[in-house]
Each structure stands twice: as C-alpha cells, then as structure tokens.
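Below: one structure, written as structure tokens.
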Amino acid sequence: MRKDYSVTSLAGALIWAAAVVLRHLSLPQTGFIRFILNIMPNFGVIWLIVGLTITFWPYLFKKEFPSNRLYALVGISLALVLLSEIVHTLLLKAPFDVWDIVASLAAACWIVVSSLLANRKVSAK
C-alpha cells in the first residue's frame, strides 16, 4: 500500500508544483488555461497529503497505515483544504472559490474509487 501512495504523493507534488510554475510563466493564458492552473494545486494537494501521510506513517508510528482509515484521511484532507479556503477568504480577503473545492473533491473521489477498485481486484483473486 505504501509504495502505491508514494507515487500518489509524487504525482500530487508534481501537479501542485507545475501549476505554481506555469502560473508565473508568460504563456498565453486563455480563460480555460487560467481556470485549470487555478484549480490544479487543489487537486494535487489532496494527493500530496494522502500520499505523504501513508508513506511516512510507518516511520512515525512504527506500523503500517491502517487501510480501513483511508477514507477518514481523505475526509481530513478535504477538511484541511476547506479550512484553507476559508482562511484565505477571511484573512487574505481572497474570494471563496467553489471550483477549488470541486477540484479537491474530484481528487478525493479519484483516491476513493481507485482504492475501491484495487480492493475489488485483490478480493477477486
């Protein structure tokens, strides 16, 4: 399980970093490209939080991450993203962006569905 999620955390970090870098390049940014670059970090950060937690859990707690806690971890990750959006709105006066939350939900759904499919393959054997 840990190996799969180390790839997930790497993918999340790459998605997040690519969005941050591409935002600051002087590329022609149409409305759609700007939209994608604005939601990409939220998509990537869910993968990053889940992947890093599962990857480093054994080093911190000397036991494997309990697979039955994956959905709780995804929920906590979503709560952190929502809290971040609220903090940005209240303290930094940035507008609350519903699309950031939608991107985070999409990333969380991706993790949950892929986990369910992986469990289904294992139980079918």
A side-chain contact here means heavy atoms from C-beta on lying under 4.5 Å apart; do Trp57 and Lys63 qualify?
yes
So do Leu37 and Met40 actually touch side chain to side chain, heavy atoms under 4.5 Å?
yes
Start with the C-alpha gap between Trp47 and Trp110, add the side-chain angles, then the distance that decides, and say whether ring pair (Phe, Tyr, Trp, His ring centres under 6.0 Å) holds.
CA-CA 9 Å; Trp47 285 12; Trp110 186 309; 5.3 Å; yes
Can you measure from CG (Asn38) to CD1 (Ile33) and round to the nearest 0.5 angstrom?
12.0 Å
If hydrophobic clusters are built by linking Ile, Leu, Val, Met, Phe, Trp and Tyr wherever their side-chain heavy atoms come under 4.5 Å apart, do Leu14 and Leu52 end up in the same one?
no
Following the transitive rule for hydrophobic clusters with a side-chain heavy-atom cut-off under 4.5 Å over Ile, Leu, Val, Met, Phe, Trp and Tyr, establish whether Leu78 and Val98 coincide in one cluster.
yes
Please walk me through it: do Leu116 and Tyr71 pass side-chain contact (heavy atoms from CB on, under 4.5 Å)?
CA-CA 11 Å; Leu116 290 171; Tyr71 307 123; 3.2 Å; yes
Measure across Phe43 and Ala103 and return the closest heavy-atom pair with its distance rounded to 0.1 Å.
CD1-O, 3.4 Å
Joint cluster assignment, Leu83 & Trp99, ILVMFWY side-chain distance < 4.5 Å
no
Could you please spell out the steps behind the side-chain contact (heavy atoms from CB on, under 4.5 Å) verdict for Thr8 and Val50?
CA-CA 8 Å; Thr8 302; Val50 170; 5.5 Å; no
Rounded to the nearest 0.5 Å, what's the gap from CD1 on Ile36 to CG on Leu22? Could you check?
12.0 Å
What distance separates Ile15 CD1 from Ile46 CD1, expressed to the nearest 0.5 Å?
11.5 Å
Quick check: is Val102 connected to Phe96 through a chain of hydrophobic side chains (ILVMFWY, heavy atoms under 4.5 Å apart)?
yes
Determine the minimum heavy-atom distance between Ile49 and Ser77, stating which atoms define it.
CG2-OG, 3.1 Å
Out of curiosity, does Phe61 fall in the hydrophobic cluster containing Phe65 (side-chain heavy atoms, cut-off under 4.5 Å, transitive links)?
yes
Shortest non-hydrogen separation from Pro58 to Glu64 and the atoms involved
CG-OE2, 3.8 Å
Arg23 CZ: over 12 foreign heavy atoms closer than 6.0 Å:
yes
State which residue, out of Leu82, Asn42, Leu80, Ile39, fulfils the side-chain contact (heavy atoms from CB on, under 4.5 Å) condition with Ser104.
Asn42
Quick check: do Val81 and Asp100 have side-chain heavy atoms less than 4.5 Å from each other?
no
Distance from Ile101 atom CD1 to Ser84 atom OG, nearest 0.5 Å?
8.0 Å
When every non-hydrogen atom of Gly51 is compared with those of Thr55, the smallest separation belongs to O-OG1, 2.7 Å
